[in-house]
Amino acid sequence: MPQVMSTLSQRLLDWFAIHKKPLPWRENNEPYRIWISEVMLQQTQRDRVGTYFRRFLERFPDVASLAASREDDLLKLWEGLGYYSRARNLRKAAAIIIDEHGGSFPDSPEALLALPGIGRYTAGAILSIAYNKPEPIVDANVERVFARVFDLDLPVKDKTTSAFLWTKARELIPKDRAREFNQAVMELGSLVCLSRKPRCSACPIQPHCEAYRLDIVLERPVPAKAKEYIPLEVATGLLVHQGLIFVQKRPTEGVWAGLWEFPGGSIEAGETPEQAVVREYQEETEFDVGDLEKIAVVRHGYTKYRVALHCYFCALTNGRREPVLHAAQESRWVRPEELANLAMPAGHRKLLDLLVRDLRFAERLRRP
DNA sequence: AATACGTGGGC
DNA sequence: TGCCCAAGTAT
């Protein structure tokens with residue numbers, strides 16, 4: 001049995017040596033770069049990360065620059081990637097590395113796990129990829145590959161299954177080759193051992209794969225219980241006054257924390273989208289708004305919600321333009337072109353992209 | 001332990 | 001098109 005294990009590992013290493021893809025974060029193994037890339041890759045497909053990673057490294061080339069960053073700038077850089085607490089945690093962790101580690105990047109599991117945003121996976125990834133330490137990692141790729149190789153008949157998030165995966169991931173690491181081995185398993189998962197279209201004929205460890213032998217590759221891993229999606233009808237209003245647009249910055253906690261948005265919220269039962277806009281403005285800012293003009297319905301999703309965002313222009317119906325904020329940290333009146341500099345949730349960004357391309361709305365934006 | 005936390009690509 | 005999925009973490 002040990003021979004089989006080592007052969008599996010050796011086959012993976014040999015395959016990876018040939019098929020390893022050049023990626024922006026593979027130019028070198030500096031811990032800082034590995035850290036940033038691994039956090040960006042959390043729950044995010046790697047093809048989406050490249051541009052963000054390059055921009056990030058250009059703007060914040062080291063821990064010190066990140067520690068000195070402004071949260072608004074960081075969130076703008078992160079706009080569109082999702083899970084924005086990752087960006088806020090990067091900044092917090094950078095400050096800890098400067099203040100408590102004298103600026104040198106931690107290289108122990110304990111120190112890494114103590115940093116916000118670094119859990120078991122990311123700690124293992126940094127230790128193995130940056131420092132070549134024999135620490136295991138289990139991500140969605142490893143879960144899928146091993147669920148097939150070992151024919152695991154319970155969902156991979158299952159407690160015992162998860163424990164098994166971490167044990168196997170540790171056992172299979174060849175001495176002194178953790179860096180290449182851990183990446184090899186993930187690379188196999190992303191290039192060959194694909195979720196819906198596995199390329200078993202191109203797989204270097206096919207002879208070791210129990211699910212292949214049993215011809216049940218597509219039945220592994222066993223899916224977790226289906227997620228429940230909740231449809232949401234939401235209304236938002238783009239409040240224009242004397243050529244300026246009202247925006248508010250979301251609270252420090254919860255979804256889209258620290259991002260900028262137009263006031264709005266769920267459409268209540270028996271309420272029209274227009275009524276929801278007026279009510280939400282009253283509740284969130286104490287503004288009286290009216291003169292609504294429909295722009296579009298933007299569809300987007302976040303976590304378990306599937307949102308239909310009903311978008312309107314609106315105007316102040318009395319003169320007062322100083323809000324009383326009940327759902328935001330701060331607010332601003334900005335010129336339309338300034339909106340590009342603010343980090344906004346994808347739904348609101350989609351709305352703006354749509355406006356920019358539609359000249360029908362230019363006049364409303366200019367109206368004093 | 002279960003849930004919150006985003007987004008866009010693929011089919 | 002609606003649903004699944006992705007280099008997870010925090011609470």
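Sequence lines set the chain letters: A, B, ... in the order given, protein chains first and strands last, and positions in each chain run from 1.
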For atom CZ of R196(A) and atom P of dC5(C), their distance in whole Å:
6 Å

Could you tell me the separation between the OH atom of Y302(A) and the P atom of dA4(B), rounded to a whole number of Å?
10 Å

With ring-ring contact (aromatic ring centres under 6.0 Å, His included) as the test, would you mind laying out the steps for W35(A) and F105(A) before giving the verdict?
CA-CA 10 Å; W35(A) 174 43; F105(A) 209 90; 5.4 Å; yes

CD on E180(A) to CZ on F16(A), rounded to 0.5 Å
5.5 Å

Rounded distance (Å) that lies between atom C1' of dG8(B) and atom OH of Y52(A)
10 Å

Looking at the base of dG8(C), is there any donor atom on it, or on the side chain of Y121(A), that sits under 3.5 Å from an acceptor on the other one?
no

Need one value for P345(A): base, sugar-phosphate or nothing, where a base atom within 4.0 Å counts as base even if backbone is also close, heavy atoms only.
sugar-phosphate

Tell me: NZ of K225(A) to P of dA2(B), nearest whole Å?
6 Å

Pairwise 5' ranking along DNA chain C for R46(A) and I118(A), keeping only the more 5' one:
R46(A)

Ignoring backbone atoms, establish whether R144(A) has a side-chain N or O less than 4.0 Å from OP1 or OP2 of dC5(C).
no

Can you tell me how far P of dT9(C) sits from CG of L112(A), to the nearest Å?
12 Å

Parallel, tilted or perpendicular: rings of F53(A) and W25(A) (30°, 60°)
perpendicular

Nearest-Å distance for atom pair CH2/P, residues W25(A) and dA7(C):
11 Å

Checking only heavy atoms, does the side chain of T44(A) share a donor-acceptor pair with the base of dG6(B) at less than 3.5 Å?
yes

Rounded to the nearest 0.5 Å, the CZ atom of F146(A) sits from the OG1 atom of T167(A) at a distance of 11.0 Å

Expressed in angstrom and rounded to an integer, what is the separation of K350(A) atom NZ from dG6(B) atom P?
15 Å

Could you give me the stems involving DNA chain C, meaning stretches of three or more consecutive Watson-Crick or G-U wobble pairs whose two defining distances are both below 3.5 Å?
B:2-5 with C:8-11, B:7-11 with C:2-6

DNA chain B nearest-nucleotide lookup for Y305(A) and Q45(A): closer to the 5′ end is Y305(A)

Under 4.0 Å, heavy atoms only, any strand: does R26(A) hit a base, just the sugar-phosphate, or nothing?
base

Mind checking if A346(A) touches a base, just sugar-phosphate, or nothing, with heavy atoms under 4.0 Å?
sugar-phosphate

Regarding the side chain of K159(A), the nearest nucleotide among dA7(C), dA1(B), dA10(C) is dA1(B)

Is the phosphate of dG8(C) approached by Q43(A) (side-chain N or O, under 4.0 Å from OP1 or OP2)?
yes

In terms of the angle between their ring planes, are W256(A) and H300(A) parallel, tilted or perpendicular, with boundaries placed at 30° and 60°?
tilted

Between T122(A) and dT9(C), does any side-chain N or O lie under 4.0 Å from OP1 or OP2?
yes

With respect to the phosphate group of dT7(B), does any side-chain polar atom (N or O) of W256(A) fall under 4.0 Å of OP1 or OP2?
yes

Mind checking the C1' distance from dT3(B) to dA7(C)? Whole angstroms is fine.
22 Å

Output yes when at least one side-chain N/O atom of Y84(A) is less than 4.0 Å from OP1 or OP2 of dT7(B), else no.
yes

Please state the P separation for the pair dG8(B) and dT9(C) - nearest whole angstrom.
22 Å

When the C1' atoms of dC5(C) and dC5(B) are considered, how many whole Å apart are they?
16 Å

OH/Y32(A): more than 12 non-hydrogen atoms of other groups inside 6.0 Å
yes

Which is true for I129(A) with a 4.0 Å heavy-atom rule: it touches a base, it touches only sugar-phosphate, or it touches nothing?
nothing

Can you say whether the rings of F287(A) and W333(A) are parallel (under 30°), tilted (30 to 60°) or perpendicular (over 60°)?
tilted

Could you check E330(A), H326(A), E284(A), Q329(A) and say which one makes a side chain to side chain donor-acceptor pair (under 3.5 Å) with Q248(A)?
E284(A)

Within the pair K304(A) and dA4(B), is there a side-chain N or O less than 4.0 Å away from OP1 or OP2?
yes

A quick test of your reading: do over 12 heavy atoms of other residues, nucleotides or ligands sit less than 6.0 Å from CZ of R279(A)?
yes

Within the structure shown, what part of the strands sits under 4.0 Å from G301(A) by heavy-atom distance: base, sugar-phosphate, or nothing?
base

To the nearest Å, give me how far apart CH2 (W35(A)) and P (dT9(C)) are.
14 Å

